[in-house]
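Heads up: the structure comes next, in structure tokens.
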Amino acid sequence: MSSREFYATLNAVVVPRPIAWVSTMDADGVLNLAPHSFFTVACVRPPMVQFTSVGRKDSLNNVEATGEFVVNFATEALFEQINATATTFPPDISEFEAVGLTTEPSQTVAVPRVAESPVAIECTLHTTLELGDSTVVIGRVRRIAIAAEVLDGNHPLIGRLRPLARLGKDEWSTLGEVRSISRIRYTDWPGHYPQNPQHP
């Protein structure tokens, strides 16, 4: 396989991938907004998240220039706008304006968040790690802003968040079926795990 073909195959089998809808600002104050589907929690204490820039994108340039970014939650309702912000606009054009999204001030960083998104994770840059043609960006979480309508008490409900995820090719996925199961403590083994009758 060529490296491009292998990349497409990897994207098709490492699924579903959550989307970091990253807002950044360059040194001149021009805003950028772009989806990154190589995204996860990097650390719990202190809380950190990470996303990967495949190649050198405006998001990476801006984070390195200012040391700040916001991860906005990618929802099903914002599907078309999220996809549109993946367009390779010139650096002097703000995706917020181009796709008709509203900015909202963050509390701990200068970079604004997407007002239409129910969750914003405000971050300062902790470190970057270059790996081949990609750069992992790790951010220290400074604040999480969550819309009241997606909360049950202090807990965000997945059915109200309605997240989007990336698959292979041009495919995306929505929430689908949600299943719950508790973890099994060793003292409760085998718990609800089905036993093999040949190996009690």
Report task. Given side chain to side chain contact (heavy atoms under 4.5 Å, CB included), test I146 with I144 step by step and report yes or no. Result -> CA-CA 6 Å; I146 306 177; I144 300 180; 3.6 Å; yes
### Side chain to side chain, P112 and L31, heavy atoms closer than 4.5 Å
yes
(Q) If you define the side chain from C-beta out and look only at heavy atoms, does anything of Q50 sit under 4.5 Å from V137? (A) no
Exercise for the section: Taking the side chain as every heavy atom from C-beta outward, state whether P46 and M48 have any atom pair closer than 4.5 Å. Expected result: yes
* Got N61 and D26 here, is their nearest side-chain heavy-atom distance under 4.5 Å? -> no
(Q) For a 4.5 angstrom cut-off between non-hydrogen side-chain atoms, does H192 reach I184? (A) yes
In one Ile/Leu/Val/Met/Phe/Trp/Tyr side-chain cluster, 4.5 Å: I138, L131 = yes
Taken in chain and number order and not counting sequence neighbours, the residues that satisfy side-chain hydrogen bond (donor to acceptor under 3.5 Å, both in side chains) with E80 are none
Show which side-chain atoms of residues 168-179 pair as donor or acceptor with protein atoms under 3.5 Å away, not counting sequence neighbours.
none

Sorted by chain and number, sequence neighbours left out, side chain to side chain contact (heavy atoms under 4.5 Å, CB included) with Q107 holds for R113, E122, R143
Mind listing the side-chain donor-acceptor pairs of residues 148-165 below 3.5 Å, one per line with the distance, residues two or more places apart or on another chain?
from	atom 1	to	atom 2	distance (Å)
R160	NH1	L151	O	2.6
R162	NE	E76	OE1	3.2
R162	NH2	E76	OE1	3.1

- Message: Does any part of the side chain of W21, heavy atoms only, come nearer than 4.5 Å to the side chain of V70, both counted from C-beta?
- Response: no
Taken in chain and number order and not counting sequence neighbours, the residues that satisfy ring pair (Phe, Tyr, Trp, His ring centres under 6.0 Å) with Y7 are none
Minimal heavy-atom distance between V109 and S106, with the atoms involved, is O-CB, 3.5 Å
For F69, the ring pair (Phe, Tyr, Trp, His ring centres under 6.0 Å) test, sequence neighbours excluded, returns F51
Under a 4.5 Å side-chain heavy-atom rule over Ile, Leu, Val, Met, Phe, Trp and Tyr, are F96 and M25 clustered together?
-> yes
- Query: Does V71 belong to the same Ile/Leu/Val/Met/Phe/Trp/Tyr cluster as V63, with side-chain heavy atoms less than 4.5 Å apart forming each link?
  - Reply: yes
Determine, using the 4.5 Å side-chain heavy-atom cutoff (strictly less than), whether I19 and F73 are members of one ILVMFWY cluster. no
Rounded to the nearest 0.5 Å, the CD1 atom of I82 sits from the CG atom of N72 at a distance of 9.5 Å
Sequence neighbours excluded, the answer for salt bridge (charged side-chain N to carboxylate O under 4.0 Å, His left out) partners of R56 is E64
- So do S94 and N32 actually touch side chain to side chain, heavy atoms under 4.5 Å? no
CG of D188 to OG of S182, rounded to nearest 0.5 Å, is 8.5 Å
Contacts of T124 meeting side-chain hydrogen bond (donor to acceptor under 3.5 Å, both in side chains) (sequence neighbours excluded), chain-then-number -> R142
**Side chain to side chain, V141 and V49, heavy atoms closer than 4.5 Å** = yes
Here the gap from L78 atom CG to N83 atom CG, rounded to the nearest 0.5 Å, amounts to 12.0 Å
*Hey, mind stepping through T102 and E116 against side-chain hydrogen bond (donor to acceptor under 3.5 Å, both in side chains) and telling me if it holds?*
CA-CA 7 Å; T102 311; E116 291 83 354; 2.7 Å; yes
Enumerate, atom names and distances included, each donor-acceptor pair closer than 3.5 Å involving a side-chain atom of residues 33-45, sequence neighbours excluded.
from	atom 1	to	atom 2	distance (Å)
H36	NE2	S59	OG	3.1
S37	OG	R17	NE	3.1
S37	OG	R17	NH2	3.2

With sequence neighbours left out, the residues meeting side-chain hydrogen bond (donor to acceptor under 3.5 Å, both in side chains) with S117 are none
Residues 125-135 vs side-chain hydrogen bond (donor to acceptor under 3.5 Å, both in side chains), sequence neighbours excluded, gives none
Note to self: Check for me, please, whether V114 and V119 land in the same ILVMFWY cluster - side-chain distances under 4.5 Å, paths through other members count.
What the structure shows: no
d(Q81 CD, T85 OG1) to nearest 0.5 Å is 9.0 Å
For R4, the salt bridge (charged side-chain N to carboxylate O under 4.0 Å, His left out) test, sequence neighbours excluded, returns none
